[in-house]
Amino acid sequence: MDIEERIIDYINNELSTEERQEVRRLIESDDMAKSLYEEYNDLMSGIQEEPLITPDQEWAASFSESLKNRKVEQRIEENEPKETKVVHLQSRSFITKIAVAAAILIIGILGYSNINQSNQIDEVGEEVYAMRQLLESNLNNSSVSSRIKAVRYSEDVDTQDEDFIRILEKTMREDESAHVRLAATEALKKWADVPFVQESLLMALQNEEDAHVKILLIETLSSIKDANVGPHLDNLINDVESPQYIKDEAHKGIFRLDKNAKIL
Amino acid sequence: MITDEELMLQAKSGDMSSISDLFVRYHKELYTFYYRQSKNDALSKDLVQNLFERIIKNRSKYDTKYPFKSWLFKLAWNEQNDFYRKRKLTLPGDERMAHILPQTESKREDASADSKQRLNVAMGQLNQEQQQLIQMTQFQGLKYAEVADIMGCSLSAIKVRVHRTMKSLRTAYINTPNHGY
């Protein structure tokens, strides 16, 4: 180990007593070692003196409150599997099955006697209806994590129900958090061949300002067979205001479209 | 005052309000941990929130014999790495990420400011792992052994990385222009 490394360990208090004494003697007797010590000490002190950054306290208070309330939610989640055994669902994930079953139970408790609601359930299927209710109520949650979680539930749902897909589509366009929009875009991938979803993805591509979401939109759109996608990607490439990395992604997207066209 | 470990014990027995207490205690440190690397407010908040979801999910796995803070930063580190891995991004050093994040700290005019700003500019030139190492060893004051546990590697490997990181930081600092640039 060279002297520079021993000085770093010395300042980080990672040496034994004997080693510390040895380095201390060296610093006192050797000008180069002393100069190195002073430089590293200044650097590390400078880093350690940096104050903590305080995020906005409204957010902190709101999330802290939601964690306190989690007590109830958590208990519900932990207890529900036992109560949902008799419900047969077609979606794939066990967690989703539990969530949907819970929603069905809640709907049942809150107002299954309501004739209109009952008719609606008959029309779309109680599973999809319950899932829609669950998704909608969770997407109204103020916590970003809860909204992402709600979107992720939907990834396990196999439905062509337009209302259900439209909830996700609206989230992809309108949610204030880029991370929720990103999750919704990801979830919409499997419905990307549905005309109104395609149209919405193209619209989002024009309006989206977050780079992560925009890149995912390019990837999603370039994986589907649609004649309208190419011109939209061309627009991005030709737009002088598009950052270079977006243009690069659009180029890759066009390459993928060409490749898909050749395969097809 | 009730310790972190005792709060986790309560959380393990189902009292979620103790997780809220831990959030109150640590949210600034965690937000700072993420923000100093990403310079992105929304992303840092999301990562903190996701981290607490992860704590709730993994609370039964926590062994109260070990310091909570090490375990917390292990999860924080995993959360951050998973986030970037899923999106195939690293920061900084990845050109795409460098474009995506606000670059206030790497602007040339910042380099002519005082030594603190010079230090920030130098820090901004380190790669993601190096920034994480600085965060853990300098800001959080974690020992090499704790960092080795968090990053899942040997103590000697961490020593080598810390040395390399500090040498890179010194070089970057020296090469960052001072007043009169």
With chain B as the partner chain, list the residues of residues 3-13 of chain A whose heavy atoms fall under 4.5 Å from it, by residue number, and write 'none' if nothing qualifies. A/Glu4, A/Glu5, A/Ile8, A/Asp9, A/Asn12, A/Asn13

About how many Å separate CG of B/Leu22 and OG of A/Ser64, when rounded to the nearest 0.5 Å? 10.5 Å

Indicate the ring-plane relationship of B/Tyr31 and A/Trp59, choosing parallel, tilted or perpendicular according to the 30° and 60° boundaries. tilted

Value for OG (B/Ser44) from CD1 (A/Ile53), rounded to nearest 0.5 Å, stands at 8.0 Å

What distance separates A/Leu43 CG from B/Arg118 CZ, expressed to the nearest 0.5 Å? 9.0 Å

Salt bridge or not for A/Lys68 and B/Asp21, using N-O below 4.0 Å? no

Calculate, to the nearest 0.5 Å, the distance between atoms NE2 and CG belonging to A/His179 and B/Asn50 respectively. 8.0 Å

Nearest 0.5 angstrom please: B/Gln138 CD to A/Ser45 OG, how far? 9.0 Å

With a 4.5 angstrom heavy-atom cut-off, is it the side chain or the backbone of A/Leu182 that approaches chain B, or both, or neither? side chain

Quick one: side-chain contact (heavy atoms from CB on, under 4.5 Å) partners of A/Leu52, sequence neighbours excluded? B/Lys28, B/Glu29, B/Thr32

Part of A/Gln57 lying under 4.5 Å from any heavy atom of chain B: side chain

If one checks every heavy atom of B/Phe33 against chain A at 4.5 Å, the contacting part turns out to be neither

For residues B/Gln49 and A/Ile148, determine if any side-chain heavy atom of one lies less than 4.5 Å from a side-chain heavy atom of the other. no

